[in-house]
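Input: a single structure, listed below in structure tokens.
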Amino acid sequence: GRFLGKLCTGPHEARCAARAVVQRVTSSTSLPTCTLDSMTRCAAAACPSGKTAWITGAGSGIGEAAAMVFAAEGATVALTGRDAAKLESVAKRIGGKAFIVPGDVGARGAAEKAVATILGETGRLDILVNNAGTNITKRRYHEMSEDGIDQVIATNLNGAFYCATAALKPMRAQKDGVLIHTGSWAGRFWNMVAGSAYTAAKTAVAAMSHTINLEEHGNGIRSTVVM
């Protein structure tokens with residue numbers, strides 16, 4: 001897929017996407033318009049070093065690569081996913097800057113529990129990489145089932161909302177935070193390849209990110225989508 005205007009293909013795609021995610025934190029172009037009394041806070045938000053990043057879908061792919069890059073940039077990374085063994089493997093490769101918080105973000109209460117664990121470990125939450133996602137093979141209307149629809153929407157949309165809502169609480173108290181959501185070209189250029197449920201969910205995630213900015217920019221919080 002395309003990330004920050006560059007074409008990423010083959011085995012390097014996840015790493016390229018991860019770098020795009022980190023650039024959303026480090027690039028001054030993604031900073032909101034700041035009043036004079038918030039300039040210092042906004043400048044500090046531009047560097048992940050010393051901050052806590054929560055990464056969902058961290059056991060593989062973009063989430064795994066994002067965790068590696070954020071840790072290399074100096075952040076402590078909290079890894080969430082459904083497969084604890086995969087999370088442990090990622091955390092072991094990262095070292096002391098990583099800890100795991102297993103869970104299914106599409107389940108009610110899981111995101112709130114994860115944030116409580118993260119706050120217990122580090123005392124703060126600065127960055128959310130809202131990356132957990134899934135799709136189904138039977139994705140055309142004539143073959144989709146209610147279970148399949150629920151599976152896609154539960155993780156890709158409900159889970160994204162649950163994680164964002166949970167992460168916003170400590171960020172609001174800190175008057176600082178960045179939310180980075182893994183979107184998709186399917187959420188911008190509609191086609192039949194990704195399927196209607198996935199396309200609808202990713203389109204909604206982009207809208208969610210915009211509304212977070214509308215409501216929370218005054219609290220030093222910014223939200224963005226990597227397409």
Side-chain angles (χ1 to χ4, degrees), residues 1-18 20-21 24 54-67 79-87 90 102-114 128-167 179-215 223-227:
R2 292 178 184 270
F3 298 92
L4 299 186
K6 298 180 180 179
L7 182 64
C8 310
T9 58
H12 303 294
E13 184 175 57
R15 288 194 297 275
C16 184
V21 166
R24 293 303 174 99
W54 176 29
I55 301 163
T56 69
S60 62
I62 294 172
E64 176 186 4
L79 312 176
T80 291
R82 288 178 291 189
D83 191 326
K86 288 184 177 180
L87 297 178
V90 176
D104 179 358
V105 298
R108 289 190 177 189
E112 294 281 356
K113 183 178 179 181
L128 166 64
V129 180
N130 212 355
N131 171 71
T134 191
N135 206 345
I136 52 177
T137 55
K138 294 182 178 181
R139 57 187 68 166
R140 298 290 184 89
Y141 279 108
H142 73 272
E143 60 185 357
M144 276 194 302
S145 67
E146 290 182 344
D147 286 344
I149 295 168
D150 286 346
Q151 179 184 341
V152 174
I153 299 300
T155 299
N156 295 358
L157 182 55
N158 292 354
F161 260 100
Y162 296 156
C163 290
T165 302
L179 299 91
I180 306 163
H181 315 280
T182 299
S184 171
W185 266 157
R188 186 174 181 182
F189 301 104
W190 301 340
N191 58 71
M192 295 189 297
V193 175
S196 55
Y198 184 90
T199 296
K202 290 301 185 179
T203 301
V205 165
M208 177 190 72
S209 181
H210 283 298
T211 57
I212 290 170
N213 283 325
L214 289 173
E215 291 191 23
S223 180
T224 188
V225 180
V226 178
M227 302 300 287

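Computed from a prediction, not measured in an experiment: that's the story for all the values here.
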From [X] [atom1] over to [Y] [atom2], what is the distance, rounded to the nearest 0.5 angstrom?
| X | Y | atom1 | atom2 | answer |
| --- | --- | --- | --- | --- |
| I180 | N131 | CD1 | CG | 10.5 Å |
| T137 | R140 | OG1 | CZ | 12.0 Å |
| Q151 | I136 | CD | CD1 | 6.5 Å |
| R82 | T155 | CZ | OG1 | 5.0 Å |

Contact between [X] and [Y] at the side-chain level, heavy atoms closer than 4.5 Å - yes or no?
| X | Y | answer |
| --- | --- | --- |
| R139 | Y198 | no |
| V152 | N135 | yes |
| N158 | I153 | yes |
| T80 | I55 | no |
| T182 | V226 | no |
| L79 | K86 | no |

**Item:** Exercise: do H181 and S223 side chains pair donor with acceptor under 3.5 Å
**Value:**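 A pair is found: one side chain offers a donor N or O, the other an acceptor, under 3.5 Å apart.
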**Asked** Can a donor-acceptor pair be found between the side chains of T203 and W190 at a distance below 3.5 Å?
**Response**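 There is such a pair (donor and acceptor under 3.5 Å, judged by atom type) between the side chains of T203 and W190.
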**Request:** Taking all heavy atoms of A84 and all of P102, pick out the closest pair and write down the distance.
**Result:**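 That closest heavy-atom pairing would be CB-CG, 4.1 Å.
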